[in-house]
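Working notes for the structure below.
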There are 2 protein chains.
Amino acid sequence: MTSTVSASEPAQSRGKAVPAGGRAKPSIRQQRLEHTRSAILASALGHFSRRGFEGASLRDIAQEAGVQHGMIRHIYQTKEELWRQAIGFLFERMESEMPPEISDLGQGEAPERFRTFIHWYVGYCARHPEHARLMIQQSILEGPELAWTAERYIRGRHQWHLPFIEKLQDSGHLPRVDPISVVLMVTAACQMPFLLAPEILAATGKNFLTQAAIKDHADAVTKIFLRNGG
Amino acid sequence: MTSTVSASEPAQSRGKAVPAGGRAKPSIRQQRLEHTRSAILASALGHFSRRGFEGASLRDIAQEAGVQHGMIRHIYQTKEELWRQAIGFLFERMESEMPPEISDLGQGEAPERFRTFIHWYVGYCARHPEHARLMIQQSILEGPELAWTAERYIRGRHQWHLPFIEKLQDSGHLPRVDPISVVLMVTAACQMPFLLAPEILAATGKNFLTQAAIKDHADAVTKIFLRNGG
DNA sequence: GTTTTCATTATCCCAATGGATAGTGAATTG
DNA sequence: CAATTCACTATCCATTGGGATAATGAAAAC
């Protein structure tokens, strides 16, 4: 809320740009810029999620992205803005990776859809552990950004889950407890093994980052949560 | 592993100290030192868990504890050592808060013991959200400390849970899935609402930090996980 | 009561950090 | 091809961070 947030400026739109009709010219320069931009974003995601906002250094991020740290300022102006863009990128990528049969509501049997969702989501968490990590970093910080992220990205997902949970409760596939608790528990159960992968490996010797373990965990989540669902 | 870790030096043992037989003299000086020591520890816990290892500043920690930052060096020598002690403190406090009927294994009916444990643990997570936060920070960092903590504090707890989970599976109170997954899911389910309390409040409007919500969540966890358990 | 210990502060040091400014040279534009 | 734009580098600056050292003064030891 502090400064003017533009958040999801869609890749190209800088410069005096394409006359009117849009599209058309990726222009070597813009291509390069886009390339650096995403290199920085990827690097930032890793650093922010691992070291936290203040722990991550712009110079380290820049170095990993193969640019000078001034470049970050050129593109994102401030560290805060880079952080915001990183969060925005996370959710957009998640959205884009989500197959349509999951995002489309209300089709098919509820338990079957639950299973499909869980399997997809567990895979997502395994692929991108930075997502959960970054969100936790942000939540813990309790900065003013939190309200913005919650409003913009999280509330929607939540609202989207709730009726689905209630439907499963109505059909007796889930116990009747506060749906909010259920959403949290499911989410947590899917994320945890990958969020803490290193710790779990050290403590139990089990490596969750294998195809087999990922699938098994997804099955486990489904079996634990679903009643009479097979 | 880097430097010599003494970890749980039990409060007094400094100076040429008590001749031989131990105990006896709290001595004004030692009392004061102990007081400062725990003030620093408490402050450090908050800062480390919120900002991460590198994000937390010794000066800020010291200020909150009402001392000069040099004091920290006097007591803990390095930031790393303070971090270790903070982690050690967490687990010792957890141990000390755990009622005996929970730590004593094998007594009573398994489902009932599950319920008891969950209710205690959910309360613990609500009281001390820094615990989960700090452990996540540590796990994410993947520093060499992780192996040490896992070895010293986490492995044991895990080993302790597993047979219990298996017993519940044998009696049909839990589905037959990898017990490691179960432990993770249960843990995550208990921690999540408090780990992310601010975010959840912002996204759903529900405040989990009330006596009622805490109890409800514990009930929810029990109902979700336990079969035929009432 | 004098000496010694040591919890605590007051400073100093230097590396690192976020940010700011002035280039620089290839791509773009006319 | 000359003029201009702009992705990107090179530096500079003030602040902060962790760590080190010397000083202080009340408590402890003798």
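Letters go in sequence order (proteins before strands), and every chain restarts at 1.
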> Tell me: CD of Glu54(A) to C1' of dT17(C), nearest whole Å?
Replying inline: 12 Å

>> So, does Ser57(A) get its side chain near the phosphate of dA16(C), meaning an N or O under 4.0 Å from OP1 or OP2?
In response: no

> Between Gln63(B) (CD) and dT9(C) (P), how many Å, whole number?
Replying inline: 12 Å

>> OP1 or OP2 of dC8(D) versus the side-chain N and O atoms of Thr36(A): is any pair under 4.0 Å?
In response: yes

> Where does the angle between the aromatic ring planes of His217(A) and Phe194(A) fall among parallel (under 30°), tilted (30 to 60°) and perpendicular (over 60°)?
Replying inline: perpendicular

> Expressed in angstrom and rounded to an integer, what is the separation of Arg37(B) atom CZ from dT8(C) atom P?
Replying inline: 10 Å

>> Does Ala56(B) reach a base, just sugar-phosphate, or nothing at all? Heavy atoms under 4.0 Å.
In response: sugar-phosphate

>> On DNA chain D, compare the nucleotides closest to Arg32(B) and Asp60(B); which residue's is nearer the 5' end?
In response: Asp60(B)

>> Any N or O donor-acceptor pair under 3.5 Å from the base of dA27(C) to the side chain of Arg29(A)?
In response: yes

> Side chain of His69(B), base of dG17(D): donor and acceptor closer than 3.5 Å?
Replying inline: no

>> Could you tell me how far apart Leu33(A) (CG) and dT5(D) (P) are, to the nearest whole angstrom?
In response: 17 Å

>> Any carboxylate oxygen within less than 4.0 angstrom of a Lys/Arg side-chain nitrogen, looking at Glu81(A) and Arg84(A)?
In response: yes

> Within the structure, does a side-chain N or O atom of Thr78(B) lie under 4.0 Å from either OP1 or OP2 of dG18(D)?
Replying inline: no

>> Of the listed nucleotides (dC8(D), dT11(D), dG19(D)), which one gets closest to any side-chain atom of Met71(A)?
In response: dC8(D)

> Regarding Lys79(B) and the six-membered ring of Tyr76(B), is the cationic atom NZ or CZ under 6.0 Å from the ring centre and inside 45° of its axis?
Replying inline: no

>> Could you tell me how far apart Arg59(B) (CZ) and dC12(C) (P) are, to the nearest whole angstrom?
In response: 13 Å

>> In this structure, how many angstroms lie between the P atom of dG23(C) and the CD atom of Gln68(A), rounded?
In response: 18 Å

> Do the side-chain N or O atoms of His74(A) get closer than 4.0 angstrom to the phosphate oxygens (OP1, OP2) of dC8(D)?
Replying inline: no

>> Strictly below 4.0 Å, N to O, side chains only: are Arg152(A) and Glu145(A) in salt-bridge contact?
In response: no

> To the nearest Å, how far apart are Ile28(A) CD1 and dT5(D) P?
Replying inline: 20 Å

> Atom CH2 of Trp83(B) and atom C1' of dG19(D): how far apart are they, to the nearest Å?
Replying inline: 19 Å

> Between Tyr124(A) and His131(A), does a side chain to side chain contact (heavy atoms under 4.5 Å, CB included) hold up when you go through it step by step?
Replying inline: CA-CA 9 Å; Tyr124(A) 175 84; His131(A) 190 137; 2.6 Å; yes

> Where the side chain of Ser27(A) is defined as all heavy atoms beyond and including C-beta, which of dT28(C), dG18(D), dT9(C) is the nearest nucleotide?
Replying inline: dT28(C)

